[in-house]
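Here's the structure we're looking at; comments come further down.
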Amino acid sequence: MQQTRVNQGFEYYVRFIERFPNVKSLAEADEQEVLKYWQGLGYYSRARNLHKAAKKIVSDFNAQFPKTYKEIISLPGIGEYTAAAISSFAYNLPYAAVDGNIYRVLSRISANDTPIDTTAGKKVFTEIAQNLLDKLQPGLHNQAIMEFGAIYCTPANPDCQNCPLLDFCEAKKLNLVQQLPVKQSKTKVTNRYFNYFFIQNGKSTYLQKRTKKDIWRNLYEFPLIETDGEMDFSSLVQTPEFKTLFENTDYQINKISKPFKHMLSHQIIYAIFYDINILGENMRLQSFEKTELSNLYLYPISRLTELFLESIEK
DNA sequence: AAGCCGGGGTT
DNA sequence: AACCCAGGCTT
């Protein structure tokens with residue numbers, strides 16, 4: 001779930017384990033299909049890493065999930081929290097799992113204003129959690145603190161009146177509950193401008209795979225021209241990118257989509273989709289993946305592209 | 001140590 | 001609009 005609410009991921013989990021019921025089935029799958037099952041969840045590196053981890057478990061651990069903390073944390077996509085969670089939940093090993101809930105609970109209980117999103121904070125609160133851990137039932141303990149954080153010690157309006165730990169809470173004594181936990185960094189948001197081309201050539205259209213270190217890595221999208229600012233069509237046609245895309249091609253604008261404002265946690269994407277019909281092809285278009293419209297459902301796509309496709313369905 | 005990586009629900 | 005979510009990886 002890593003930075004995702006359990007409710008948001010639950011249906012994905014059900015469908016995922018139905019399609020990939022064991023580690024071998026996941027290891028043998030194509031990444032594209034794994035991403036397709038992740039489509040819409042976000043943080044797609046989790047899907048890629050889960051797939052890599054499955055391959056590693058098959059190749060390095062004889063298809064058996066490793067049973068030591070050291071081996072578990074060696075798997076891609078598994079960091080300190082997840083390794084501790086698996087180790088304690090599944091194998092009753094004495095590792096404190098420190099997720100967002102536990103950072104909040106511990107910072108309040110101990111009235112500690114060390115920023116939780118720093119190396120120092122990670123060290124401090126992991127140490128407190130490890131000292132507090134019930135070594136005889138670490139899994140139960142870890143899950144109990146997480147549930148406590150989710151039910152009583154919530155971020156905005158904690159239920160201090162009914163809190164079973166009220167007498168132990170330093171933040172409550174000092175009236176600091178609302179100020180804790182402290183966070184240091186605010187992620188700054190950058191604006192981006194995407195001009196997509198939904199090109200129809202008979203029954204087919206064109207896609208490309210996002211392979212760079214950027215958002216939506218390894219997802220598919222329509223041919224894209226990214227610009228520094230909003231650009232209307234009359235300006236767009238004069239860019240070298242547009243000229244290359246449609247040179248020697250007979251194209252006709254079918255429709256221009258409404259402007260999409262797609263907000264991510266760290267980017268705001270302003271997108272337009274141009275619905276274009278063409279006759280014939282050129283060199284540039286041949287470099288894209290040409291696919292029949294009826295097969296579009298096979299490709300993992302971003303929520304933005306999904307929303308565009310939904311908007312033209314009717 | 002700081003920045004990047006999504007999408008959606010709450011406040 | 002700001003915050004947060006059963007965080008991890010890269011730079």
Just by distance, no angles: are the side chains of A/R104 and A/N101 close enough, under 3.5 Å, to form a donor-acceptor pair? yes
Between atom NZ in A/K188 and atom P in C/dA1, what is the gap in whole Å? 20 Å
Distance-only side-chain donor-acceptor flag, A/T126 / A/E80, under 3.5 Å: no
Pair A/E289, A/Q208: side-chain N/O donor-acceptor within cut-off below 3.5 Å: no
Rounded to whole angstroms, how far apart are CZ on A/F10 and P on B/dG9? 17 Å
At under 4.0 Å between heavy atoms, what does A/E306 touch on the DNA or RNA strands: base, sugar-phosphate, or nothing? nothing
When you check the gap from the basic side-chain N to the acidic O, do A/K209 and A/E221 get nearer than 4.0 Å? no
So, is A/H262 close to the B/dG6 phosphate, meaning a side-chain N or O under 4.0 Å from OP1 or OP2? no
CD1 of A/I268 versus C1' of C/dA1: gap in Å, rounded? 10 Å
Could you state the CD-P distance from A/Q178 to B/dT11, rounded to the nearest angstrom? 13 Å
From CD of A/E11 across to C1' of B/dG8 the rounded distance in Å is 15 Å
Does the protein touch nucleotides 6-11 of chain C at the base, only the backbone, or not at all? Give it as B, S and - per nucleotide, heavy atoms under 4.0 Å. BBSSSS
Ignoring backbone atoms, establish whether A/W216 has a side-chain N or O less than 4.0 Å from OP1 or OP2 of B/dG7. yes
I'd like to know if A/E33 pairs up with A/K36 as an ion pair, taking the criterion as any Lys NZ or Arg NE/NH1/NH2 lying under 4.0 Å from an Asp or Glu carboxylate oxygen. no
Assess the side chains of A/S74 and A/E71: does a donor N or O sit below 3.5 Å from an acceptor N or O? no
To the nearest angstrom, how far is A/L41 atom CG from B/dG8 atom P? 9 Å
Looking at every strand, decide which applies to A/G9 at a 4.0 Å heavy-atom threshold: base, sugar-phosphate, or nothing. nothing
Could you tell me how far apart A/L264 (CG) and B/dG9 (P) are, to the nearest whole angstrom? 15 Å
Answer with yes or no after comparing the ring centroid distance for A/F242 and A/F233 against a 6.0 Å cut-off, counting only values under it. yes
Can the ring centres of A/F20 and A/Y37 be said to be less than 6.0 Å apart? yes
Where along residues 152-160 of chain A does a heavy atom come under 4.0 Å from DNA chain C, residue by residue in number order? A/P155
Any side-chain N or O of A/H266 less than 4.0 Å from the OP1 or OP2 oxygen of B/dC5? yes
I need the NZ-P distance between A/K186 and C/dC4, as an integer number of Å. 10 Å
Less than 6.0 Å separating the ring centroids of A/F198 and A/F308? yes
Heavy atoms only, 4.0 Å cut-off, all strands: where does A/R104 land among base, sugar-phosphate and nothing? sugar-phosphate
Rounding to the closest angstrom, what is the interatomic distance between C/dC3 and B/dG6 at atom C1'? 15 Å
